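Structure, as structure tokens:
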Amino acid sequence: MKKILTAIIAIGAVAFTTMAANETQTQPAAGKPAPDFSLTTGDGSQVSLKDYRGKWVVLYFYPKDFTGGCTMEAKNFERDRTKYEPFNAVILGVSVDTAQSHKDFCAKEGLNFKLLADPDAKVSTEYGSVMDYKGQKLAARNTFIINPQGQVAKVFVKVDPTTHSVDVMKALAVLQNKGS
């Protein structure tokens, strides 16, 4: 039964991501500076990309708190959170939900990394990660690995939330072995 439920969530997540992300957007390219931002977290504090200089940043955009695929993706990042420590990497999630929604989502799902509120989709737009879903503007499921110097090192578009955390760790391993 659990496998069936997981398959249904995964299919729904893929459909949710691809249904509205049909417009072509330009994401910041690998090797280019990552657009800086300052966004509010669930605890009300402000987080800026520049706060993480000297660390690798996994900046992942996702459509909506409390939805199947987004919950699975977040829980997988949480499950693997300590595995990111040897990579000197921090995980930051971004959606157009409010800071209060993020606070509630983190509490309900036991998430211990920062989720950032982008209610006007400004940062999502700068990262080419916006989609329209039934007339609502949401963040598209894209991820950016940003190196310690603040440059985009790797871009993932239209990710699979079921395997994404593991895919990101594999990419970090490759990037760090190359000295990026």
Side-chain angles (χ1 to χ4, degrees), residues 1-21 37 39-45 47 49 51-52 55-119 121 123-124 127 129-131 133 136-146 153-175:
M1 182 67 168
K2 188 174 181 179
K3 287 183 180 180
I4 293 170
L5 182 59
T6 301
I8 290 169
I9 289 171
I11 290 167
V14 171
F16 189 60
T17 299
T18 58
M19 285 171 79
F37 57 81
L39 293 172
T40 306
T41 69
D43 67 10
S45 64
V47 168
L49 180 59
D51 297 339
Y52 295 99
K55 287 190 161 287
W56 289 81
V57 176
V58 175
L59 184 66
Y60 86 96
F61 292 83
Y62 67 98
K64 192 140 184 69
D65 292 342
F66 301 104
T67 58
C70 297
T71 299
M72 178 187 304
E73 184 175 25
K75 287 181 101 167
N76 288 346
F77 275 121
E78 179 61 33
R79 174 199 68 206
D80 297 335
R81 192 170 49 85
T82 58
K83 294 177 185 174
Y84 282 89
E85 291 171 6
F87 294 108
N88 190 31
V90 62
I91 301 163
L92 301 174
V94 179
S95 78
V96 300
D97 293 302
T98 64
Q100 183 62 50
S101 178
H102 288 337
K103 181 178 181 178
D104 297 343
F105 186 48
C106 287
K108 180 176 188 268
E109 301 301 337
L111 306 176
N112 294 299
F113 57 89
K114 295 185 185 305
L115 297 181
L116 310 178
D118 185 24
V123 174
S124 299
Y127 277 85
S129 298
V130 175
M131 66 179 186
Y133 180 72
Q136 186 178 13
K137 190 179 278 193
L138 299 175
R141 200 180 302 278
N142 298 332
T143 298
F144 302 84
I145 297 177
I146 300 167
K154 174 96 174 144
V155 179
F156 299 84
V157 294
K158 300 178 185 175
V159 304
D160 178 351
T162 61
T163 61
H164 191 50
S165 180
V166 172
D167 296 339
V168 170
M169 279 190 289
K170 288 177 183 175
L172 275 168
V174 170
L175 288 166

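Any value given below was found using the heavy atoms of this structure, including those in side chains, with hydrogens, waters and symmetry copies removed. Since the model is a prediction, treat every value here as computed from it, not as a measurement.
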For a side chain to side chain contact (heavy atoms under 4.5 Å, CB included) check, start with the C-alpha distance between Gln136 and Val96, then their side-chain angles and the critical distance, and finish with the verdict. CA-CA 10 Å; Gln136 186 178 13; Val96 300; 5.7 Å; no
Could you check Val58 against Leu172 for side chain to side chain contact (heavy atoms under 4.5 Å, CB included), going step by step and ending with a plain yes or no? CA-CA 9 Å; Val58 175; Leu172 275 168; 4.2 Å; yes
Show the numbers, then the answer: is there a side chain to side chain contact (heavy atoms under 4.5 Å, CB included) between Phe77 and Tyr84? CA-CA 9 Å; Phe77 275 121; Tyr84 282 89; 3.3 Å; yes
Please determine whether salt bridge (Lys or Arg N to Asp or Glu O under 4.0 Å) holds for the pair Glu78 and Lys75, giving the CA-CA distance in whole Å, both sets of side-chain angles, and the decisive distance to 0.1 Å. CA-CA 5 Å; Glu78 179 61 33; Lys75 287 181 101 167; over 6 Å; no
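With rounding to the nearest 0.5 Å, the separation of CG in Asp65 from CD in Glu109 is 9.5 Å. Taken from CG in Asn112 to CZ in Arg81, the straight-line distance is 4.5 Å, to the nearest 0.5 Å. In this structure, Phe37 CZ and Asp51 CG are separated by 8.5 Å, a value rounded to the nearest 0.5 Å. Taking CD1 of Ile145 as the reference point, atom OH of Tyr60 lies at 14.5 Å (rounded to 0.5 Å). Taken to the nearest 0.5 Å, the CG atom of Asp118 stands 10.0 Å off from the OG1 atom of Thr40. Taking OG1 of Thr98 as the reference point, atom CG of Leu115 lies at 11.0 Å (rounded to 0.5 Å).
Considering all non-hydrogen atoms of both residues, Cys70 and Phe105 come closest at O-CZ, 4.2 Å. Heavy atoms only, all atoms of each residue included: Met169 and Phe87 are closest at O-CZ, 3.8 Å. The two atoms that bring Phe113 and Cys106 nearest to each other are O-SG, 4.1 Å, heavy atoms only. Nearest heavy-atom pair across Ala140 and Phe61 is O-CB, 3.2 Å. Gly69 approaches Pro161 most closely through the heavy-atom pair O-CB, 3.5 Å.
Checking side-chain atoms of His102 against main-chain N and O of Leu116 turns up a donor-acceptor pair under 3.5 Å. In this structure, Asn142 contributes its side chain and Lys158 its backbone to a donor-acceptor pair below 3.5 Å.
Side-chain contact between Arg141 and His164 is absent, with no heavy-atom pair separated by less than 4.5 Å. The shortest distance between side-chain heavy atoms of Met72 and Asp160 does not fall below 4.5 Å. Side chains of Leu39 and Val94 form a contact here, defined as non-hydrogen atoms less than 4.5 Å apart.
Tyr52 is linked by a side-chain hydrogen bond (donor to acceptor under 3.5 Å, both in side chains) to nothing, counting only residues two or more places apart in sequence or in another chain.
With no hydrogens or angles considered, no side-chain donor-acceptor pair links Asn76 and Ser165 at under 3.5 Å. Judged by distance alone, the side chains of Thr67 and Tyr62 never bring a donor and an acceptor atom under 3.5 Å apart.
With respect to the salt-bridge test (charged N to carboxylate O, under 4.0 angstrom), the residues Lys64 and Asp97 qualify.
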